[in-house]
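All values below were derived from every heavy atom in this structure, side-chain atoms included, with hydrogens, water molecules and symmetry-related copies excluded. Here is the naming used below: chain letters follow the sequence lines, and residue numbers restart at 1 for every chain.
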Number of protein chains: 2
Amino acid sequence: MKLTEAKQQFISSWGAFGTHWGINRTMAQVHALLMTSSQPLSQDDIMEQLEVSRGNVNMNIRDLISWGLVDRVLIPGERKEFFTAEKDIWKVATQIIKERKKRELDPMLKLLAQLEHIDGDKKDPEVKQFVETVSGIRKFGKQADQMLDMMVKADESWFLGGLLKIFK
Amino acid sequence: MKLTEAKQQFISSWGAFGTHWGINRTMAQVHALLMTSSQPLSQDDIMEQLEVSRGNVNMNIRDLISWGLVDRVLIPGERKEFFTAEKDIWKVATQIIKERKKRELDPMLKLLAQLEHIDGDKKDPEVKQFVETVSGIRKFGKQADQMLDMMVKADESWFLGGLLKIFK
DNA sequence: ATAAACTTTCAATATTTTTTGAAAGTTCAG
DNA sequence: CTGAACTTTCAAAAAATATTGAAAGTTTAT
């Protein structure tokens, strides 16, 4: 398989994959393009390669930067801005975990904590089921939260190395 | 806070949460409703409580069943079908992990394996970067795959209990 | 100060996804 | 067998989301 073809496929699949995880197609594709590019690219490069509009590229690059996955790069002698993506997949993963935790998990846990305090008969099966479900989710979420915190702090090696040992 | 109000909030937030993770609002809400309900509910109950159409409820219930998160229940003496959701959050999580792994991670890993074989100069920086990125993602994915497999096989207790010890 | 080069914004448009509801299909009691 | 009760399907409509592109804004070289 030729590089060009493989790259196309990768970009297109990464885009499709992203949409299953609440990430818009173009953002995922821009990310894929930058991750597989050895050199920084300009907005125009990206527009051309992905065949999308200037505004679209601009917006999605902004978002990727806010996720900490892409950086602006200045190239001496060039007027334009260029962009690179973090290429270490472990760093990419921990960055995404950090952000999603902050943006989604933490607020949800905060809400669940509030919802556990229900007025009314603790013996009413409906009240009981609600409180049990919510507190179950919250406990699970807290545990996941801690685990993710540790992953983010931990070193890549225990994950990419012999993770298996842990569970013996 | 009253039960009714809390339940509304939970359902609505669970729906919003779901959309950030590629799950449609109604499916997440049906799931939330069933998880917090002590009794099985019929299609009509769900339609009424969430104010959505019959077809919509039907489709999303089907999906939830295919995800293994909801079961049909027969109630003696009733003609209608009723539905319940698995309420053990650990089982819910492992079920979701199992399905997403099968539906998304496994196919992606299969694709990445193919994309690593590029014709062309291994010294070309573009080829090199592409192969490195793809193989990095694949290694990471394989490791994640194994870790998730273990989680699914493992017992709830090491997670919901003192998970922390593992990392000392 | 000017203008070319470049970036950002955002209302309009297009696309994708979800929802509806009525018709067709199924099941079952009598 | 018949029809009432219930479920499923799916084309059309609505809603949500993403994209465009041109105008406005900014920066920089001269």
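Across all strands, B/N58 comes closer than 4.0 Å to base atoms (heavy-atom distances).
Taking atom CD of B/E51 as the reference point, atom C1' of D/dA14 lies 17 Å away to the nearest angstrom. Protein atom NE2 of B/H20 is 13 Å distant from nucleotide atom C1' of D/dA16, rounded to whole Å. As a whole-Å value, the separation of B/E78 CD from D/dT7 P is 10 Å. The CG atom of A/D63 sits 14 Å away from the C1' atom of C/dT9 (whole-angstrom rounding). Taking atom CZ of A/F82 as the reference point, atom P of C/dC6 lies 9 Å away to the nearest angstrom.
Not counting sequence neighbours, the partners of B/D145 by the salt bridge (charged side-chain N to carboxylate O under 4.0 Å, His left out) test are B/K101. Here A/Q49 pairs with A/L33, A/L41 under the side chain to side chain contact (heavy atoms under 4.5 Å, CB included) rule; sequence neighbours left out. By the salt bridge (charged side-chain N to carboxylate O under 4.0 Å, His left out) test, B/R62 pairs with no residue at all, sequence neighbours left out. Listed by chain and number, the residues in a salt bridge (charged side-chain N to carboxylate O under 4.0 Å, His left out) with A/E116 are A/R138 (sequence neighbours excluded). With sequence neighbours excluded, no residue forms a salt bridge (charged side-chain N to carboxylate O under 4.0 Å, His left out) with B/E78.
Applying the 4.5 Å side-chain rule to ILVMFWY residues, one finds A/V73, A/I75 in the same cluster as A/F82.
Here ring-ring contact (aromatic ring centres under 6.0 Å, His included) pairs that include residues 84-117 of chain B, with residues two or more places apart or in two chains, are B/W90-B/F159. Screening residues 27-43 of chain A for side chain to side chain donor-acceptor pair (under 3.5 Å) gives A/S38-B/E126, A/S42-A/D45 as the qualifying pairs, with residues at least two apart or on separate chains.
Defining each end axis of the helix from C/dA1-D/dT30 to C/dG30-D/dC1 as the rotation carrying four pairs' C1' atoms onto the next four, with five pairs an end, the two axes are found to diverge by 10° to 10 degrees.
Along DNA chain C, the nucleotide closest to A/M59 and the one closest to B/N60 are compared, and the more 5′ of them pairs with A/M59.
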Without placing hydrogens or testing angles, list every side-chain donor-acceptor pair under 3.5 Å for residues 14-23 of chain B, not counting sequence neighbours.
residue	atom	partner	partner atom	Å
B/T19	OG1	B/A16	O	2.6
B/W21	NE1	A/E104	OE1	2.9

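Between the CG atom of B/L69 and the CG atom of B/D63 there is a distance of 10.5 Å, given to the nearest 0.5 Å.
Residue B/K80 has its side chain nearest to D/dT7 when only C/dT19, D/dT7, C/dT8 are considered. Taking every side-chain heavy atom of B/R62 into account, D/dT8 is the closest of C/dT7, D/dT8, C/dT9. Proximity note for A/V52 (side chain, C-beta onward) versus D/dT7, D/dT20, C/dT8: the nearest is D/dT20.
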*What string of B, S and - do you get for nucleotides 21-30 of chain D 5' to 3' if you count protein non-hydrogen atoms under 4.0 Å?*
B-----BB--
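Heavy-atom contacts from other residues, nucleotides or ligands closer than 6.0 Å to NZ of B/K87 number more than 12.
Look at B/R25 and you won't find any side-chain N or O under 4.0 angstrom from OP1 or OP2 of D/dA16.
Contact check of residues 32-49 of chain B against DNA chain C (heavy atom, cut-off under 4.0 Å) returns no residues at all.
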